[in-house]
**Q** 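Please read through the structure below; I'll follow up with questions.
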There are 2 protein chains.
Amino acid sequence: MTQGTQGKGATTSTLWDRTRQLAAQEILQTALRLFTQQGYDETTIAQIAREAGVSQRTLFRYFGTKEDLIGGSQERFVTLLTDTVRKQPVDVGAWEALRAAFKAALSLHASPEQALERFRLVHHTDSLRAAYLGKRVRCQEELLPLLEARLAPSGTDRRQVRAIVATAFACFDAATATWLEGNGQGDILDLYDQGLAAVRS
Amino acid sequence: MTQGTQGKGATTSTLWDRTRQLAAQEILQTALRLFTQQGYDETTIAQIAREAGVSQRTLFRYFGTKEDLIGGSQERFVTLLTDTVRKQPVDVGAWEALRAAFKAALSLHASPEQALERFRLVHHTDSLRAAYLGKRVRCQEELLPLLEARLAPSGTDRRQVRAIVATAFACFDAATATWLEGNGQGDILDLYDQGLAAVRS
DNA sequence: TGCCTGCATGGCAGAGACTGCCAAACCTCC
DNA sequence: GGAGGTTTGGCAGTCTCTGCCATGCAGGCA
């Protein structure tokens with residue numbers, strides 16, 4: 001914000017990008033506020049656009065889909081997940097790498113209260129939950145090759161890696177559901193460990 | 001159609017039900033044919049209705065959603081799953097019960113070829129896959145109480161059951177994906193066993 | 001036979017998400 | 001200050017899905 005107007009060649013046209021980003025954030029915040037206030041299905045694109053001060057057409061240029069108005073953060077979620085796995089030392093096993101990724105992803109939320117609110121919204125809205133699950137599956141498939149290399153020496157093949165990744169995510173989902181059921185009591189990662197322990201007993 | 005006009009009290013109003021069922025099947029077959037021919041997104045409700053010889057309004061009365069035109073069979077899938085688990089002897093563990101349920105569900109498909117085609121359609125269409133996953137989650141939650149009782153004696157609690165059920169479904173999904181990747185080679189249940197073995201090693 | 005009730009269907013209008021197209025406004029660079 | 005590219009808004013249109021009302025068809029009753 002403060003720079004860029006001066007040393008012109010810094011990163012090319014920053015003021016522009018800044019405005020764009022600001023607008024996107026404004027839209028996102030308006031949408032989330034309305035979603036939590038009156039529910040996802042009860043909030044129309046027209047209303048969000050009106051209250052955010054942009055046209056519907058522009059809103060759809062920023063976020064291609066109504067679901068993306070929540071999924072914006074999910075995009076970061078996926079990126080962080082894959083990045084974290086990629087950054088793990090080579091000798092770290094698949095299970096550990098996945099756990100580290102989940103831990104990193106959970107740290108994205110500003111506060112447990114915000115996480116609880118967001119999770120509740122997604123969990124209780126059919127269309128949102130379906131969209132989330134779809135993205136999750138795509139994320140799993142992105143993770144597949146990264147973890148395949150990590151397990152290759154011990155003779156595990158692709159199909160088994162797929163089962164392992166799917167299981168990790170399943171247990172994470174189960175942990176989230178349990179956490180939600182208890183209104184945010186306890187630690188999600190602890191619940192994840194407990195679930196995985198029950199599975200692998 | 002041929003009977004029912006006579007012995008009137010057979011099962012009450014069979015002629016109408018028969019007609020209804022026939023119409024539903026006609027619509028379903030038309031839809032599936034068009035979906036596999038030109039893709040799910042490229043097929044409009046208007047086209048299905050036209051080719052099936054009914055109005056759009058009627059079509060939506062039979063199947064509430066476009067996705068239901070595939071999900072009709074999924075409904076049976078869910079019912080069979082829960083029924084099979086319910087029917088398992090009391091001393092059968094959760095893992096075994098779930099495996100039996102998957103086995104039963106797989107037997108619903110008329111042929112491996114048909115299953116392959118159906119799976120491919122769902123797997124490659126984002127909206128369909130999302131809808132499928134949503135139904136799957138709801139199925140998991142229905143199964144939860146049934147399996148909870150089955151594990152109670154060994155001191156397993158609700159949260160762990162949730163992880164176990166989620167894992168079983170995850171491995172089933174992984175098996176399906178692998179099977180699909182191999183163009184239907186091998187047996188899904190075998191793949192499931194292998195995946196679960198890798199997870200629980 | 002004529003009327004009346006119950007159900008299934010069809011057609012119509014409309015909401016809501018989403019897209020393509022065109023013109024106006026804008027910033028940036030010269 | 002003007003040229004050129006980018007962003008925005010508005011409009012019309014598609015597609016799924018819903019509510020409403022009229023029509024048609026079967027059976028029950030006088």
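Here is the naming used below: chain letters follow the sequence lines, and residue numbers restart at 1 for every chain.
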**Q** Pair A:Glu26, A:Leu22 - check side chain to side chain contact (heavy atoms under 4.5 Å, CB included), show working.
**A** CA-CA 6 Å; A:Glu26 169 70 24; A:Leu22 219 75; over 6 Å; no

**Q** Quick one: which protein N/O atoms are closer than 3.5 Å to N/O atoms of nucleotides 5-8 of chain D? Pair and distance per line, please.
**A**
residue, atom, partner, partner atom, Å
D:dT8, OP1, A:Tyr62, OH, 2.8
D:dT8, OP2, A:Arg20, NH1, 3.4

**Q** To the closest 0.5 Å, what do you measure between CZ (B:Phe60) and CD1 (B:Ile45)?
**A** 4.0 Å

**Q** Return each pair, listed once, that meets salt bridge (Lys or Arg N to Asp or Glu O under 4.0 Å) where at least one residue sits in residues 41-65 of chain A; pairs must be two or more places apart or across chains.
**A** A:Arg33-A:Glu51

**Q** Return the value, rounded to whole Å, for the distance between atom CG of B:Leu59 and atom P of C:dA8.
**A** 16 Å

**Q** Got a list of protein N/O to nucleotides 15-17 of chain D N/O distances below 3.5 Å?
**A**
residue, atom, partner, partner atom, Å
D:dT16, OP1, B:Ile45, N, 3.4
D:dT16, OP1, B:Lys66, NZ, 3.2
D:dT16, OP2, B:Ile45, N, 3.2
D:dC17, OP2, B:Lys66, N, 2.7

**Q** From CZ of A:Arg57 over to C1' of C:dC21, roughly how many Å is that when rounded to an integer?
**A**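 Going from CZ in A:Arg57 over to C1' in C:dC21 covers 9 Å.
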
**Q** Are A:Phe102 and A:Thr176 side-chain neighbours, meaning at least one heavy-atom pair lies under 4.5 Å?
**A**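 Side-chain contact under 4.5 Å: no.
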
**Q** Figure out the CD/P separation between A:Glu42 and D:dT18, and round it to whole Å.
**A**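 In whole Å, D:dT18 P lies 14 Å from A:Glu42 CD.
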
**Q** For A:Arg50 and D:dG10, give me the distance from atom CZ to atom C1', rounded to whole Å.
**A**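 The answer, rounded to whole Å, is 16 Å.
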
**Q** If you measure from NE2 on B:His109 to CZ on B:Phe119, what distance do you get to the nearest 0.5 Å?
**A**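 Nearest 0.5 Å value for the NE2-CZ distance: 4.0 Å.
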
**Q** Please tabulate, one pair per line, all N/O donor-acceptor pairs under 3.5 Å involving side-chain atoms of residues 78-94 of chain B, not counting sequence neighbours.
**A**
residue, atom, partner, partner atom, Å
B:Thr79, OG1, B:Glu75, O, 2.9
B:Thr82, OG1, B:Val78, O, 3.3
B:Thr82, OG1, B:Thr79, O, 2.9
B:Thr84, OG1, B:Leu80, O, 2.6
B:Gln88, NE2, B:Thr84, O, 3.4

**Q** In this structure, how many angstroms lie between the C1' atom of C:dT9 and the CZ atom of B:Phe63, rounded?
**A**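 After rounding, the reported distance stands at 16 Å.
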
**Q** Could you name each residue pair satisfying salt bridge (Lys or Arg N to Asp or Glu O under 4.0 Å) that touches residues 181-197 of chain B, not counting sequence neighbours?
**A**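 Listed by first then second residue: A:Arg158-B:Glu181, A:Arg162-B:Glu181, B:Arg99-B:Asp193.
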
**Q** Got a list of side-chain donor-acceptor pairs under 3.5 Å for residues 122-133 of chain B, not counting sequence neighbours?
**A**
residue, atom, partner, partner atom, Å
B:His124, ND1, B:Arg120, O, 3.3
B:Thr125, OG1, B:Leu121, O, 2.8
B:Tyr132, OH, B:Asp173, OD1, 3.1

